[in-house]
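Working notes for the structure below.
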Protein chains: 2
Amino acid sequence: MILSDRNLDLDQPEILDGALSAFLEFGIRRTSMGEVAKRSKLSPATLYRRFAQKSDIIRAVAIREARRFIDEVDARIDPGASAEEQVVEGFVAFTQGVRRNKLLTRLLVTEPEFTLPLLTTEAGPFLALGRDYLAGVTRRLQAEGKLGAYEPEPVAEILARLALSLVLTPDGVIPVDDVEKARAFARDHITALVRLA
Amino acid sequence: MILSDRNLDLDQPEILDGALSAFLEFGIRRTSMGEVAKRSKLSPATLYRRFAQKSDIIRAVAIREARRFIDEVDARIDPGASAEEQVVEGFVAFTQGVRRNKLLTRLLVTEPEFTLPLLTTEAGPFLALGRDYLAGVTRRLQAEGKLGAYEPEPVAEILARLALSLVLTPDGVIPVDDVEKARAFARDHITALVRLA
């Protein structure tokens, strides 16, 4: 799915802030366009000119939250550390971020009709965000001679898909609740995928 | 989520056959318990004794289909081939199987309220099926000296999650439509994950 420019226009923090606060208070289902307009201090006509329908706002809010989440993970990585340490700490920061993000976990169960399609059949743009971020990190590590030469995108996409899968289905043998176990998992297995083992 | 024994009782092919044929003809939403009973040649009372609700039947049908899918992939792997060839051909068989399975792809979009929770927030049993199968293959290859020693389950689960992710979101840079490209992707990247590169 291609997001239109309008949907991707994130320079409208007042609308996205208003929508997010309404989603948190009322839930997505019970939030009307009128409520978003009120919280954004815009007329409904102006809101509709920017977002034709609620699903466009939901998607834009979700994309912004995904970007924020990636920024939070990135802030926990020390670019001066060894490649292995950056990979391991990045994975740990991701799992801790998911654990903290109780809202997302709750919305997957309470409002699946909005959240599940966005993160599955329509998740291309979310995977692309994660892939682009991880491919950038890979390229940086390769340029610094800390990682061998290989095409970054496919490996970055495997990692982005693993991350999204752990958000959607925490249930399994990959540790997401215990920091030390997550660290050991990343050290043992993610390193192999990125050719560090 | 733990499946109760009753839900996992797959020795009732007549019910699962009847339900599957009704799902294919009418869709899941419009299939009633009465229709399943009729097609299974059982009284509604008997059907309800075995499956308390439609969602239990849906889950049992889906688990059986997942097992069939794994068996189909497994049948395409030559256990006498090199480990790399088995990994690559297994991945190719998986992607071709997904492409052929238009029904599943269609149901994700037309009946998301039934299919998406099953394959996301409730997908633990499906991931476990894939993980157990792949861990078994790994153990066999390790016992034959074709793969080095490492704990099979975590790596098997990464692969199972990647597979499920490609079913839910084909959109991305990992090739699922082109056999030769899928083969090259598996040779370049899946081999690293299973410590063959």
Just how far is it from atom [atom1] of [X] to atom [atom2] of [Y], taken to the nearest 0.5 Å?
{"X": "B:Arg161", "Y": "A:Leu168", "atom1": "CZ", "atom2": "CG", "result": "9.0 Å"}
{"X": "B:Leu127", "Y": "A:Ser165", "atom1": "CG", "atom2": "OG", "result": "5.5 Å"}
{"X": "B:Leu119", "Y": "A:Thr169", "atom1": "CG", "atom2": "OG1", "result": "8.5 Å"}

*asked:* Atom CZ of residue position A:Arg30 - does it have more than 12 heavy atoms of other residues, nucleotides or ligands inside 6.0 Å?
replied: no
*Between A:Ile190, A:Leu193, A:Val173, which has the largest tally of heavy atom pairs under 4.5 Å with chain B?*
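Most heavy-atom pairs under 4.5 Å with chain B: A:Val173.
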*Among A:Leu166, A:Leu108, A:Val167, which residue forms the greatest number of heavy-atom pairs with chain B at distances under 4.5 Å?*
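Top count of heavy-atom pairs under 4.5 Å with chain B: A:Leu166.
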Could you tell me which portion of [X] (side chain, backbone, both or neither) has an atom closer than 4.5 angstrom to a non-hydrogen atom of chain B?
{"X": "A:Pro170", "answer": "backbone"}
{"X": "A:Glu113", "answer": "neither"}
{"X": "A:Ile158", "answer": "both"}

*Under 4.5 Å, heavy atom to heavy atom, which residues of residues 75-97 of chain A contact chain B?*
none
*asked:* Quick check on the structure: residues of residues 34-46 of chain A within a heavy-atom distance below 4.5 Å of chain B, by number.
replied: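 Listed by number: none.
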*Does A:Gly172 offer a backbone N or O that forms a donor-acceptor pair with the side chain of B:Arg131 under 3.5 Å?*
no
Hphob cluster co-occupancy, [X] + [Y], side-chain heavy atoms under 4.5 angstrom:
{"X": "A:Leu103", "Y": "A:Val73", "answer": "yes"}
{"X": "A:Tyr48", "Y": "A:Ile58", "answer": "yes"}
{"X": "B:Leu16", "Y": "B:Leu24", "answer": "yes"}

*With the side chain counted from C-beta on, respond yes when B:His189 and A:Glu157 share a heavy-atom pair under 4.5 Å apart, and no when they do not.*
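No, every pair of side-chain atoms sits at 4.5 Å or beyond.
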*Check whether any side-chain heavy atom of B:Leu116 sits under 4.5 Å from a side-chain heavy atom of A:Pro112, and report yes or no.*
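No; the side chains remain at least 4.5 Å from each other.
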*Minimum heavy-atom distance between A:Thr121 and B:Val109, given as atom pair plus value*: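 Taking A:Thr121 first and B:Val109 second, the nearest heavy atoms are CG2-CG2, 4.3 Å.
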